[in-house]
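Residue numbers begin at 1 in each chain, while the letters A, B, ... track the order of the sequences. FYI, side chains are in, hydrogens and waters are out, and symmetry mates aren't considered; it's all heavy atoms of this structure.
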Protein chains: 2
Amino acid sequence: MAALTTSQKKEADRQMNLYCEGAAEVIPPEDLRRKVEQSLAEDRPLRIKLGLDPSAPDVHVGHTVVLQKLRQFQENGHHVQLLIGDFTGRIGDPTGKSTARAPLTAEEVERNALTYTKQFSHVLDMDKVTVHYNSSWLASLSFEEVIHLAGQITTARLLERDDFDERTALGKPIGLHEFFYPVMQGYDSVVLKSDIEIGGTDQHYNTLMGRHFQDRFGKEKQAVILMPLLEGLDGKEKMSKSKNNYVGIEENPDDMFGKTMSVPDELMGRWFRLVSGLSPERVDTIEAQLNSGALHPREGKRLLATRMTELYHGGEAAAKAAERFDALYRHNQLPEEMPEHRTQAASVSPLDLLVESGLLASKSEARRMIANRGVKVDGVRLETADEDLLVHDGMILQVGKRKHVRLRSSH
Amino acid sequence: MAALTTSQKKEADRQMNLYCEGAAEVIPPEDLRRKVEQSLAEDRPLRIKLGLDPSAPDVHVGHTVVLQKLRQFQENGHHVQLLIGDFTGRIGDPTGKSTARAPLTAEEVERNALTYTKQFSHVLDMDKVTVHYNSSWLASLSFEEVIHLAGQITTARLLERDDFDERTALGKPIGLHEFFYPVMQGYDSVVLKSDIEIGGTDQHYNTLMGRHFQDRFGKEKQAVILMPLLEGLDGKEKMSKSKNNYVGIEENPDDMFGKTMSVPDELMGRWFRLVSGLSPERVDTIEAQLNSGALHPREGKRLLATRMTELYHGGEAAAKAAERFDALYRHNQLPEEMPEHRTQAASVSPLDLLVESGLLASKSEARRMIANRGVKVDGVRLETADEDLLVHDGMILQVGKRKHVRLRSSH
């Protein structure tokens, strides 16, 4: 590699700072540095890999932590490779035990991939992204080639994976086929010639497989950037659809604004840093203002909610969502403080909820009040008593003008 | 299955006794019994599988333990399937570490298989044997099919294999590809629809894989007959080419006769039972005579040596070999008892040997004696002092008429 000029060295420093920003782990930093320097010396874009599960294409804000990192690379001229792990999805559960893991058809995979790319286009310039399906090289491997691949790794190394290790300790069976999932992920990096792989911290083991197999195949090892897993709106668990603590990136502006307003104060900084798409310098300033008290937490939250809504719906929609939110909370004369009611239910009859929360004395009274159009949920009139409500944390239940309860939920 | 007639039941008893004769283990006897009964009830031959390694085609008497067992099945109308494990051989060592395990070419596999069948024809009627190459179904498996196969077994079950277990305990690496060798052997039984698999006791784990995979594929499980491993001429270690304690079945009549005469007395009964091809009843009689003293061990050994030579070279050749053996030991006036000399060398200079064994005082004397045509090895005049001798246990070194030494070797 040619020696870098002084300005190239500065540029390498700048990119390193940017890429390491917010990362939980960089494995190892010297490899990332070398890749960046090579890119500058040879004037060639780096190949940045992100692996995707083709079976769950609903993208939420938690997923955008890695997407925002990819965007930084893209904005600096590097090339993003999305890897759809469709080969595993096509196989389903080979033991035939799990009906939940029925094989995906080629059409389903294709549809899910389109769903991804449509959603990702909010963050990435999809014209400059290539999408790869690992079935296109894995499906055609012969048994002999599979054996050759398997010869590049030991069973002890595979058993080190956290969940394998735990299952071994608990005496829970591991099917031999399961050993191939990390092998495939590693081999994908060989085929894609990835320079860098991005993933959540839960992908630590799998992304290292890429380094292992590239090395075994005589290639230079990819660097790995692991990003933190964003907590959900409950402030505790990782954001996920199954925990119902997420903000989908295709949710309407009002939901996106309102849900973001319910992010716990102590997580605000993380959201700004990991998913707002604002520059590190701007995030530093906001954090400093929050810490000094120059920015009130509620104003900070409003800034965050506006920014998040703007990212996915544009500035105008964000402004309108903010107005409607204000209308709901201010013009609707919601008190700053109100009683809270804790519930574990994900969905519940409004009659039960009105009685349990202490707003009304009996179900018959609750039914009458709903029929009289006197009950609102998040500022919207409840039209029927006969459909269960989907509960979210921070949801506001209102009877008449003056009685309110804020629901607290952590399901 | 239709109920058996009384005579069919008797026949099933007879076959069961025959097949269990000499076996180290039958897994499980009730499955073997059921297979035999099915065969009688449905008038259909059973499929008897023997797996063979395509890389070491030199057949010795140790291998004939299982061949003699196969012959019993063949003589009762059942069908022998030889399975050449050429797929593994074709792969070689996929890690590229072992040059010793270079891949076999298709031609080498074919040549080795022919060598097998030629040698096996001394024991089996090869016109009634089918030869299968597992590459013909394994090579064409897709990765998806391999994953499906792998899904039928747990890694814990694979790690139970003795050598894996030992290597795990010692921290020695196991390549993931190695997990596939037992998987392949098991799947071979599925494809071959084996009713019974025959193997040495060292094949315990692998033959059980056949039962496991047949069961997972919804087939009836094969019964397994494990035969003891025959000790070599040293009376200690398993007979093998690498230990140089073997009798090859293509050795010439004199070597076969002479080597068999060197079988330790205490193993004579095992040889009669496992590799002589004599009926169990006949072997019972000989053993009783040996035990009662009606048959002298040396006469018993002579009977065994004649029988073994007859098996592979016919009665006439056996009789002549016996005569020549007598000529060497009797007409050559070899004493019954003679000094013994123990050596560890596999090959050695005759000069060194003549001095070490105490027959002659110096190498120069030894060289002179050889030049004067006064040295014999196993009754044959030694023509040169300049070529190393291949040592075997029981080899007789003779100087002049009266000086003898019997070599004892355990390399």
Side-chain angles (χ1 to χ4, degrees), chain A residues 86-98 101 103 134-159 161 164-165 167-184 186-187 209 212-213 216-218, chain B residues 86-98 101 103 134-159 161 164-165 167-184 186-187 209 212-213 216-218:
Chain A
D86 68 324
F87 185 67
T88 323
R90 271 181 33 173
I91 292 165
D93 175 14
T95 67
K97 278 184 192 158
S98 158
R101 278 195 46 202
N134 65 1
S135 66
S136 65
W137 51 85
L138 294 179
S140 61
L141 287 187
S142 68
F143 198 178
E144 186 164 344
E145 290 166 321
V146 172
I147 293 282
H148 181 74
L149 196 53
Q152 310 310 317
I153 192 158
T154 67
T155 59
R157 177 77 190 267
L158 289 161
L159 282 168
R161 202 173 86 170
F164 288 161
D165 197 38
R167 281 156 68 188
T168 302
L170 293 170
K172 286 189 185 171
I174 303 162
L176 175 55
H177 61 292
E178 299 182 73
F179 272 8
F180 276 95
Y181 301 148
V183 169
M184 291 176 199
Y187 185 61
M209 284 289 114
H212 175 84
F213 278 91
R216 296 289 308 200
F217 280 82
Chain B
D86 68 325
F87 186 67
T88 322
R90 272 181 31 173
I91 294 165
D93 175 15
T95 66
K97 279 185 193 158
S98 160
R101 278 193 48 201
N134 65 2
S135 66
S136 64
W137 51 85
L138 293 180
S140 61
L141 288 186
S142 68
F143 197 179
E144 185 163 345
E145 290 166 321
V146 172
I147 293 283
H148 182 74
L149 195 54
Q152 310 309 318
I153 192 156
T154 66
T155 58
R157 177 77 190 266
L158 289 161
L159 284 167
R161 204 173 83 169
F164 289 161
D165 198 38
R167 282 156 67 188
T168 303
L170 293 171
K172 288 190 183 168
I174 302 163
L176 176 55
H177 63 291
E178 298 183 73
F179 272 9
F180 275 95
Y181 301 149
V183 168
M184 291 175 198
Y187 184 61
M209 283 289 116
H212 175 84
F213 278 91
R216 295 290 308 199
F217 280 83

Legend entry - Nearest heavy-atom neighbours spanning B:Ser142 and A:Ala139: CB-O, 4.4 Å
Inset, instruction - Check A:Thr155 against B:Leu176 and note the closest heavy-atom contact, atom names and distance. - result: CG2-CA, 3.9 Å
Legend entry - Straight-line distance of A:Arg167 CZ to B:Thr154 OG1, nearest 0.5 Å: 10.5 Å
Inset, instruction - Verify side-chain contact (heavy atoms from CB on, under 4.5 Å) between B:Ile174 and A:Arg157, making sure each step is shown before the conclusion. - result: CA-CA 9 Å; B:Ile174 302 163; A:Arg157 177 77 190 267; over 6 Å; no
Legend entry - Ring centre gap for B:Phe180 and A:Phe180 strictly below 6.0 Å: yes
Inset, instruction - Check whether B:Leu158 gets within reach of chain A through its side chain, its backbone, both or neither, counting any heavy atom under 4.5 Å. - result: side chain
Inset, instruction - Find the distance between CD1 (B:Ile147) and CE (A:Met184) and round it off to the nearest 0.5 Å. - result: 3.5 Å
Inset, instruction - Working to the nearest 0.5 Å, report the span between OG of B:Ser135 and CD of A:Glu144. - result: 10.0 Å
Legend entry - Worked check of ring pair (Phe, Tyr, Trp, His ring centres under 6.0 Å) between A:Phe143 and B:Phe87: CA-CA 10 Å; A:Phe143 198 178; B:Phe87 186 67; 5.2 Å; yes
